[in-house]
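Worksheet for the structure shown next.
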Amino acid sequence: MKSLLYLLVLVIAIVSCQKEDVAKDIVYPVLMEIPQGFPNIIQPKDNEYNQDRWLLGKRLFYDKVMSKDSSLSCASCHNSAMAFSDDLNFSAGTSGNFTTMNAPTLTNVAYQPYYTSAGGVATLEMHVLVPIQEHVEFDFNILLIADRMRSDATYVSMAQKAYGRIPDPFVITRALACFERSLISGNSDYDKYYFQSDPNALSKEAKKGMDLFFSNRTNCSDCHGGFNFTNYTFENNGLYQEYENVGRYKLTGNDDDIALFKVPTLRNIAYTGPYMHDGSLNTLEDVLNHYNSGGKDHLHKSELIRPLGLSTQEKNELKAFLVSLSDHTFITNPIFKSL
Ligand code: HEC
Ligand code: HEC
């Protein structure tokens with residue numbers, strides 16, 4: 001009888017212990033869940049999502065070990081509370097240097113066909129090398145980051161678990177890309193209205209703004225169309241008559257590409273100001289005044305950018321719609337925050 005009791009206690013102990021382990025894990029399966037109405041994400045064969053890879057990528061994303069002088073992490077410029085952007089026009093890099101571009105949001109970055117505003121980088125894995133080497137970002141070398149990680153027992157065991165090898169460039173680029181791919185946002189008021197069929201999720205004002213956004217009156221959706229509010233093309237939206245930044249030309253050297261920039265997503269736009277490649281427009285009002293004016297004349301300005309004649313009320317409606325593209329659950333999700 002006594003031994004039976006012992007057995008029972010043992011069984012209960014094991015079961016409750018297992019329960020605790022499962023409980024610790026339940027937050028993770030929601031990762032990589034594709035929101036209603038969104039297309040699937042194509043994952044590279046050698047880097048399919050799993051929790052060990054993701055945990056390693058997240059640790060690296062928040063670790064200053066990545067920068068030469070150990071002063072910066074990816075999160076220094078891509079802050080979760082700002083939908084993984086920052087609130088500066090240019091971001092502070094190592095050694096007091098500043099970036100020459102505004103740090104973009106990483107919202108739904110997995111869906112992009114190419115990376116950076118000039119579009120020169122094909123995959124998220126390859127892109128990891130860009131901030132590491134950029135002098136105004138980490139100003140470092142991926143082999144030296146791997147060396148630093150190898151002297152850290154936690155990193156060594158995490159890399160073994162995730163990829164079956166010790167920290168090296170393969171592990172660093174794959175793990176960070178795995179984390180970035182999970183930054184999926186599809187729970188804005190607009191998503192609730194449009195994809196989740198909740199007719200009350202948008203205010204009357206935002207619905208009028210939506211009609212304007214998708215109309216020939218504004219042409220906004222010609223460039224910012226699709227579920228991610230970008231068609232990923234390169235356009236000139238008439239910000240300047242003369243640009244300091246030559247845009248896509250930097251990559252192609254083709255005159256036709258001077259001052260063209262990748263059309264950015266408008267998801268989480270309420271959290272990602274200041275706006276445009278150089279952060280020169282501070283507020284959504286400034287952005288709408290810019291488009292309403294028709295922009296400055298540049299040889300490459302798109303024909304779609306022209307004076308719109310919007311009233312103050314119409315601008316307010318458009319602003320209400322843009323704000324409705326912002327997903328509060330994404331920027332407050334504890335899963336994405338540093339430990
Ligand atoms: C000092 C600030 C800074 C740091 C640190 C930084 N970034 Fe960025 N990031 C930027 C800026 C600025 C751009 C825009 C560059 C461009 O478009 O040419 C950018 C662009 C990107 C893009 C391309 C997004 C797009 O829409 O094409 C990705 C992805 C990205 N960063 C991920 C990372 C990761 C991962 C790290 C850490 C390994 C990191 N960044 C570190 C400032 C930073
Ligand atoms: C011809 C294509 C085109 C049209 C039409 C267009 N945009 Fe844009 N939009 C762009 C490009 C390109 C950029 C980025 C420019 C840059 O980085 O300097 C941009 C940037 C923006 C940004 C800033 C995004 C950020 O993260 O910095 C907002 C907001 C925006 N557009 C809203 C609108 C609205 C609202 C309309 C309609 C009134 C509109 N756009 C029409 C191409 C277009």
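Just follow the structure's listing: the first ligand is 1, and inside any ligand the first atom is 1. For the numbers below, each heavy atom of this structure counts, side chains included, while hydrogens, waters and symmetry mates do not.
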Applying a 4.0 Å heavy-atom criterion (strictly less than), which segment of Leu239 is in contact with ligand 2: side chain, backbone, both, or neither? side chain

What part of Ile269 sits under 4.0 Å from ligand 2 if we count only heavy atoms: the side chain, the backbone, both or neither?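 Side chain only.
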
Need the ligand 2 atom indices (1-based, order shown) with element for anything under 4.0 Å from a heavy-atom of Tyr275.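 What qualifies from ligand 2 is 23 (C), 25 (C), 27 (O).
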
Identify the protein heavy atom lying closest to [atom], giving its residue, its atom name and the separation to 0.1 Å.
| atom | answer |
| --- | --- |
| atom 18 (O) of ligand 1 | Thr116 CB, 3.6 Å |
| atom 17 (O) of ligand 1 | Ser117 N, 2.8 Å |
| atom 27 (O) of ligand 2 | Met276 N, 2.7 Å |
| atom 25 (C) of ligand 1 | Lys262 NZ, 3.5 Å |
| atom 30 (C) of ligand 1 | His127 CE1, 3.1 Å |
| atom 5 (C) of ligand 2 | Asn219 O, 3.4 Å |
| atom 6 (C) of ligand 1 | Glu137 OE1, 3.4 Å |
| atom 34 (C) of ligand 2 | Cys220 SG, 3.5 Å |
| atom 24 (C) of ligand 1 | Pro104 CG, 3.9 Å |

Any donor-acceptor pair under 3.5 Å from [X] side chain to [Y] backbone:
| X | Y | answer |
| --- | --- | --- |
| Arg248 | Phe261 | no |
| Ser182 | Leu31 | no |
| Asn292 | Leu310 | yes |
| Glu314 | Ser311 | yes |

If you take all heavy atoms of [X] and [Y], which pair is closest and at what distance?
| X | Y | result |
| --- | --- | --- |
| Thr100 | Phe90 | O-CE2, 3.2 Å |
| Phe84 | Phe336 | CZ-CB, 3.8 Å |
| Ile184 | Glu33 | CD1-O, 4.1 Å |
| Pro131 | Glu137 | CB-OE1, 3.1 Å |

Report the relative orientation of the aromatic rings in Phe214 and Phe321; use parallel for angles under 30°, tilted for 30 to 60°, perpendicular for over 60°.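 The rings of Phe214 and Phe321 stand perpendicular, inter-plane angle above 60°.
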
Which is closest to [atom] by heavy-atom distance: [options]?
| atom | options | value |
| --- | --- | --- |
| atom 1 (C) of ligand 1 | Cys77, Ser91, Ser73 | Cys77 |
| atom 15 (C) of ligand 2 | Val287, Asn237, Thr218 | Asn237 |
| atom 11 (C) of ligand 2 | Cys223, Pro264, Gly295 | Pro264 |
| atom 36 (C) of ligand 1 | Ala110, Gly57, Cys74 | Cys74 |

Hey, is ligand 1 close enough to Tyr114 that some N/O pair sits below 3.5 Å?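 Checking ligand 1 against Tyr114, no N or O pair falls under 3.5 Å apart.
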
Nitrogen or oxygen of Glu180 less than 3.5 angstrom from that of ligand 1: no

Pair Tyr271 + Phe330: ring centers closer than 6.0 Å: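 Ring centroids of Tyr271 and Phe330 are no less than 6.0 Å from each other.
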
Hey, is atom 8 (Fe) of ligand 1 within less than 2.8 Å of some N/O/S atom on His78? yes

Interatomic distance, His127 atom NE2 to Leu129 atom CG [nearest 0.5 angstrom]: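 Reported value, rounded in 0.5 Å steps: 9.5 Å.
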
Which value, rounded to the nearest 0.5 Å, describes the distance between Ser91 atom OG and Asn102 atom CG? 6.5 Å

Same cluster for Leu304 and Tyr291 if Ile/Leu/Val/Met/Phe/Trp/Tyr side chains link at under 4.5 Å?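 Each belongs to a different hydrophobic cluster.
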
Any Ile305 heavy atom less than 4.0 Å from ligand 2: yes

Take every heavy atom of Leu266, measure it against each atom of ligand 2, and state whether any distance is under 4.0 Å.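 Yes, Leu266 has heavy atoms under 4.0 Å from ligand 2.
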
What part of [X], side chain, backbone, both or neither, has a heavy atom within less than 4.0 angstrom of ligand 1?
| X | value |
| --- | --- |
| Ser67 | neither |
| Val128 | neither |
| His277 | neither |
| Phe90 | neither |

Should the pair [X]-[Y] be classified as a salt bridge under the 4.0 Å nitrogen-to-oxygen rule?
| X | Y | answer |
| --- | --- | --- |
| Lys315 | Glu285 | no |
| Asp297 | Lys301 | yes |
| Arg174 | Asp46 | yes |

Under a 4.0 angstrom heavy-atom cut-off, which atoms of ligand 1 come close to Leu106? 28 (C), 29 (C), 30 (C)

Heavy-atom contacts with Gln112 under 4.0 Å: which atoms of ligand 1 show up? List them by number with element.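 Selected atoms, number and element: 25 (C), 26 (O), 27 (O).
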
With a 4.0 Å cut-off on heavy atoms, does Ala92 reach ligand 1?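 It does; at least one heavy atom falls under 4.0 Å.
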
Output yes if Tyr291 passes the N/O/S-under-2.8 Å test against atom 8 (Fe) of ligand 2; output no otherwise.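 Given the 2.8 Å cut-off, Tyr291 counts as a ligand of atom 8 (Fe) of ligand 2.
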
